[in-house]
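Read through the structure below, which is laid out as structure tokens, and then see the notes.
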Amino acid sequence: QVQLVESGGALVQAGGSLRLSCAASGGTLSSYTMAWFRRAPGKEREFVATTTGDGGRTYYTDSVKGRFTISRDNAKNTMYLQMNSLNPDDTAVYYCAATPYYGRMYSSTDYGYWGQGTQVTVSS
């Protein structure tokens with residue numbers, strides 16, 4: 001029922017910034033825990049960040065703390081990932097994910113709704 005579409009991926013140089021967006025339809029965004037995951041070449045899909053339905057709590061993987069910020073605008077049914085100080089290790093396809101449940105959800109198996117992904121490439 002819930003459909004997610006990511007946008008904002010691009011080719012950027014190291015040290016640059018990007019803002020990814022995830023537009024949702026078919027559901028009320030405030031009812032869902034949301035997250036960003038990424039899959040780098042030759043790597044498994046990994047957790048990046050998550051936020052509660054009201055945006056009151058956020059959690060980040062250690063490698064992006066202090067550089068990335070997850071946020072949401074429920075009135076617009078949109079979630080964002082602001083990425084600063086990008087480095088080549090951030091190169092990956094970034095995916096938006098959602099679940100109607102709540103708690104400590106840092107695994108891809110916790111999420112049942114996924115977008116198609118948006119490519120982020122960081123050159124050195």
Side-chain angles (χ1 to χ4, degrees):
Q1 288 294 123
V2 177
Q3 297 181 353
L4 306 173
V5 180
E6 304 94 336
S7 63
L11 171 64
V12 300
Q13 64 180 6
S17 298
L18 284 174
R19 187 181 72 165
L20 306 183
S21 298
C22 173
S25 62
T28 303
L29 193 63
S30 62
S31 299
Y32 293 86
T33 298
M34 304 290 293
W36 289 97
F37 289 81
R38 65 186 181 186
R39 188 182 183 98
K43 303 288 187 179
E44 296 182 357
R45 184 168 53 186
E46 67 172 346
F47 168 79
V48 176
T50 186
T51 182
T52 52
D54 64 355
R57 292 183 179 272
T58 59
Y59 304 91
Y60 302 88
T61 192
D62 287 344
S63 64
V64 308
K65 287 181 179 178
R67 300 190 298 122
F68 291 9
T69 302
I70 188 172
S71 63
R72 62 197 298 162
D73 186 339
N74 288 337
K76 297 180 179 179
N77 270 2
T78 303
M79 178 181 66
Y80 305 96
L81 183 68
Q82 178 66 47
M83 305 185 294
N84 300 324
S85 300
L86 287 163
N87 61 67
D89 289 338
D90 296 317
T91 294
V93 177
Y94 284 72
Y95 297 91
C96 174
T99 176
Y101 304 109
Y102 63 91
R104 299 175 65 85
M105 300 178 180
Y106 310 141
S107 170
S108 62
T109 60
D110 294 323
Y111 296 86
Y113 301 98
W114 295 86
Q116 295 299 305
T118 185
Q119 176 70 50
V120 172
T121 302
V122 184
S123 61
S124 60

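Because the structure is a prediction, the values reported are computed rather than measured.
Linking ILVMFWY residues whenever their side-chain heavy atoms come closer than 4.5 Å, directly or via other members, leaves Trp114 and Val120 in distinct clusters. The cluster map of Ile, Leu, Val, Met, Phe, Trp and Tyr, joined by side-chain heavy atoms under 4.5 Å apart, puts Tyr94 and Leu4 in the same cluster. Cluster annotation: Val122 is connected to Val48 through the hydrophobic network of ILVMFWY side chains, with a link wherever side-chain heavy atoms come within less than 4.5 Å. Criterion: ILVMFWY side-chain heavy atoms under 4.5 Å apart, direct or through other members. Under it, Trp36 and Leu18 are part of a common hydrophobic cluster. Linking Ile, Leu, Val, Met, Phe, Trp and Tyr residues whenever their side-chain heavy atoms come within less than 4.5 Å places Met79 and Tyr60 in a single cluster.
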Quick one: do Thr51 and Thr58 satisfy side-chain contact (heavy atoms from CB on, under 4.5 Å)? Show the steps, please. CA-CA 4 Å; Thr51 182; Thr58 59; 3.8 Å; yes
Are Leu20 and Met83 close enough, and set up right, to give a side-chain contact (heavy atoms from CB on, under 4.5 Å), and what steps lead you there? CA-CA 8 Å; Leu20 306 183; Met83 305 185 294; 3.7 Å; yes
Could you check Ser71 against Gln82 for side-chain contact (heavy atoms from CB on, under 4.5 Å), going step by step and ending with a plain yes or no? CA-CA 8 Å; Ser71 63; Gln82 178 66 47; over 6 Å; no
Could you go step by step and tell me if Asn77 and Arg72 meet the side-chain contact (heavy atoms from CB on, under 4.5 Å) rule? CA-CA 8 Å; Asn77 270 2; Arg72 62 197 298 162; over 6 Å; no
Would Asp110 and Thr99 satisfy side chain to side chain donor-acceptor pair (under 3.5 Å), going step by step from the backbone distance to the final call? CA-CA 7 Å; Asp110 294 323; Thr99 176; over 6 Å; no
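Heavy-atom minimum distance, Arg57 versus Tyr59: CD-OH, 3.5 Å. A pairwise comparison of heavy atoms in Asn84 and Ser17 identifies OD1-OG, 2.9 Å as the closest pair. The two residues Ser124 and Ala14 have their closest heavy-atom pair at CA-CB, 4.4 Å.
Within the structure, salt bridge (Lys or Arg N to Asp or Glu O under 4.0 Å) pairs that include any residue of residues 83-98 comprise Arg38-Asp90, Arg67-Asp90 (at least two apart or interchain). Pairs of residues two or more places apart, or lying in two chains, that qualify as disulfide bond (SG atoms under 2.5 Å apart) and include a residue from residues 7-110 are Cys22-Cys96.
Within the 4.5 Å cutoff, the side chain of Gln119 has heavy atoms near those of the Thr91 side chain. Put simply, the side chain of Thr50 reaches to within 4.5 Å of the side chain of Thr33, judged on heavy atoms. Taking the side chain as every heavy atom from C-beta outward, Met34 and Leu29 approach each other to under 4.5 Å.
For Ser107, the side chain to side chain donor-acceptor pair (under 3.5 Å) criterion is met by Thr109, not counting sequence neighbours.
The distance between the ring centers of Phe37 and Tyr95 does not fall below 6.0 angstrom.
Asn87 CG to Ser123 OG: the interatomic distance, rounded to the nearest 0.5 Å, is 11.5 Å. Taking OG of Ser108 as the start and CD of Glu44 as the end, the distance is 9.0 Å to the nearest 0.5 Å. Summarising the geometry, atom CG belonging to Asp73 is positioned 10.5 Å from atom OG belonging to Ser21; distances are rounded to the nearest 0.5 Å.
Side-chain atoms of Glu6 come within 3.5 Å of backbone N or O of Gly117 as a donor-acceptor pair. Side chain of Asn74 to main chain of Gly53: a donor-acceptor pair is present (N/O by atom type, distance under 3.5 Å, no hydrogens or angles). Checked by atom type and distance alone, the side chain of Thr121 never pairs as donor or acceptor with a backbone atom of Leu11 at under 3.5 Å.
Counted by atom type alone, Thr52 and Tyr32 present zero donor-acceptor pairs between their side chains at under 3.5 Å.
Residue Gln116 qualifies as open at atom CD: its count of foreign heavy atoms under 6.0 Å is 12 or below.
Relative ring orientation between Phe47 and Tyr106 is described as tilted, the plane-to-plane angle lying within the 30° to 60° band.
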